[in-house]
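For the single chain, residues carry numbers from 1 onward in sequence order.
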Amino acid sequence: MSYVLLLLATLAWSFVGVLVKTASTMVDSSIISFARFFFGVIFLGIFLFIRDRKIQLRIGMKWIWIGAIGKAANYAFENIALKIGYSYGNILVQPVQTVVLMIAAGFLFKERISTRGWFAAALCVAGVIVVGWNGTPLDELAQGSGLTTLLFTLAGIGAAVHVLSQRMLLKTMDNGNMNFSVFLMSTVIVALPIPVQSHGFVGPVTAWAWGALVLLGVITGLSFFWFAEAIKKVPFAIVAIVGNCTVLFAILWAYLFFRDPITVYIICGTLIFVAGFVLLNFPMPRRNAKTACLMTPRRQDSLT
């Protein structure tokens with residue numbers, strides 16, 4: 001069952017770009033951000049109530065709000081970038097998150113980063129640069145794909161802040177109630193600017209778009225719980241390999257559903273930062289286990 005949960009989480013994350021792109025045909029990015037949290041809170045709340053017969057809401061903790069702000073920024077920037085760019089673009093969020101977490105591990109938590117860890121981070125950065133560049137002339141880069149790369153970079157920073165908050169909160173809270181509290185506060189944060197910023201419905205109302213919004217909520221609410229449960233029993237090497245296949249699936253779905261152009265630069269850049277993930281996530285000496293746990297992409301994240 002643990003392997004099934006791992007596969008479900010991986011596949012769910014890989015579909016985020018396609019689902020956001022589908023939902024954007026009906027509503028703007030602000031509504032998409034709100035719907036991802038709103039439906040996520042509903043599905044996660046139903047699950048927790050069935051499991052525990054109660055929900056423990058904690059909104060007075062500093063790290064709840066830090067995590068909520070980080071995750072809200074993650075979704076807000078990611079959705080804007082996906083709307084104006086290609087549906088596979090959010091593959092850049094994961095390597096950015098990894099590098100930010102590594103920097104946090106070294107400077108905020110004073111944890112020792114091995115040479116292999118820094119080399120893995122360098123591969124992640126190099127892969128992001130290659131994918132963001134995508135062979136585009138520099139003058140066009142500043143006007144087009146450079147903007148989406150910047151937005152995905154900001155989304156990755158927000159995701160990293162959320163992971164850091166989870167690291168602090170898991171000392172006193174279980175994964176389910178922690179995510180419920182964070183997502184509820186994130187819902188409030190992204191809802192505040194909607195009355196003055198959002199254009200609401202920007203296209204035809206379709207069942208596909210509504211289905212995409214609901215599925216995005218399911219992914220927000222449950223996929224992180226699936227992953228957290230899976231890693232309790234699945235060997236770490238398998239988690240590293242299967243979990244990092246998300247980016248490869250995302251590119252495949254982007255081509256199959258939207259015929260997004262997959263250039264040699266996209267493939268090479270993706271392979272470069274996937275190599276960084278694999279290098280970072282494979283078993284390390286015990287003295288580095290604490291750092292590896294922090295930096296594992298989406299290991300503690302309430303994913304995508």
Side-chain angles (χ1 to χ4, degrees), residues 10-25 27-33 35-36 71-100 123-138 140-160 162 209 212-213 215-216 219-220 223 243-274 276-277 297-298 301 303-304:
T10 300
L11 289 176
W13 295 332
S14 71
F15 275 106
V16 166
V18 169
L19 293 174
V20 169
K21 202 71 174 177
T22 301
S24 68
T25 62
V27 294
D28 65 9
S29 58
S30 297
I31 299 298
I32 295 174
S33 297
R36 291 177 72 175
K71 197 60 183 173
N74 170 210
Y75 277 10
F77 289 122
E78 181 180 63
N79 292 335
I80 295 172
L82 284 170
K83 183 176 177 62
I84 65 178
Y86 294 122
S87 59
Y88 60 75
N90 62 332
I91 63 174
L92 298 180
V93 172
Q94 194 170 338
V96 171
Q97 172 186 295
T98 301
V99 173
V100 173
L123 288 176
C124 288
V125 173
V128 168
I129 292 174
V130 173
V131 172
W133 169 46
N134 196 19
T136 306
L138 293 181
E140 295 180 19
L141 190 66
Q143 300 173 6
S145 60
L147 174 60
T148 58
T149 301
L150 174 61
L151 290 171
F152 284 126
T153 298
L154 294 174
I157 294 173
H162 177 235
L213 287 176
L215 285 175
L216 284 168
I219 292 172
T220 295
S223 64
N244 290 319
C245 285
T246 298
V247 296
L248 304 179
F249 282 124
I251 293 174
L252 176 62
W253 307 145
Y255 177 75
L256 292 178
F257 287 97
F258 292 106
R259 288 294 187 266
D260 286 345
I262 310 300
T263 68
V264 65
Y265 299 98
I266 299 299
I267 295 174
C268 290
T270 300
L271 291 177
I272 290 172
F273 67 66
V274 166
F277 292 154
R298 302 187 188 274
D301 190 11
L303 49 266
T304 247

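- Judged purely by atom type and a 3.5 angstrom limit, K71 has no side-chain atom pairing as donor or acceptor with the backbone of A159.
- Looking at F273 and T98, their side chains never come closer than 4.5 Å, going by heavy atoms from C-beta outward.
- When side chains are defined from C-beta on, I266 does not count as touching Y86, because their heavy atoms never get closer than 4.5 Å.
- In summary, of the residues considered (L271, T270, V264), a side chain to side chain contact (heavy atoms under 4.5 Å, CB included) with I267 occurs for L271 alone.
- At distances below 3.5 Å, at least one donor-acceptor pair connects side-chain atoms of Y88 with backbone N or O atoms of P261.
- Proximity of a side-chain donor or acceptor of K83 to a complementary backbone N or O of V20 within less than 3.5 Å is not detected.
- Qualifying side chain to side chain contact (heavy atoms under 4.5 Å, CB included) partners for A209, counting only residues two or more places apart in sequence or in other chains: T25, M26, T206.
- Under the side chain to side chain contact (heavy atoms under 4.5 Å, CB included) criterion, V18 pairs with T22, S87, W253, F257, F258, sequence neighbours left out.
- Counting heavy atoms from C-beta on, the side chains of F77 and I157 never come closer than 4.5 Å.
- When N90, L82, I80 are each tested for a side chain to side chain contact (heavy atoms under 4.5 Å, CB included) with L151, only one passes: I80.
- Considering only heavy atoms from C-beta on, N74 stays 4.5 Å or farther from H162 through its side chain.
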Practice item. Please lay out, stage by stage, how I219 and L19 fare under the test side chain to side chain contact (heavy atoms under 4.5 Å, CB included). Key: CA-CA 10 Å; I219 292 172; L19 293 174; 3.7 Å; yes
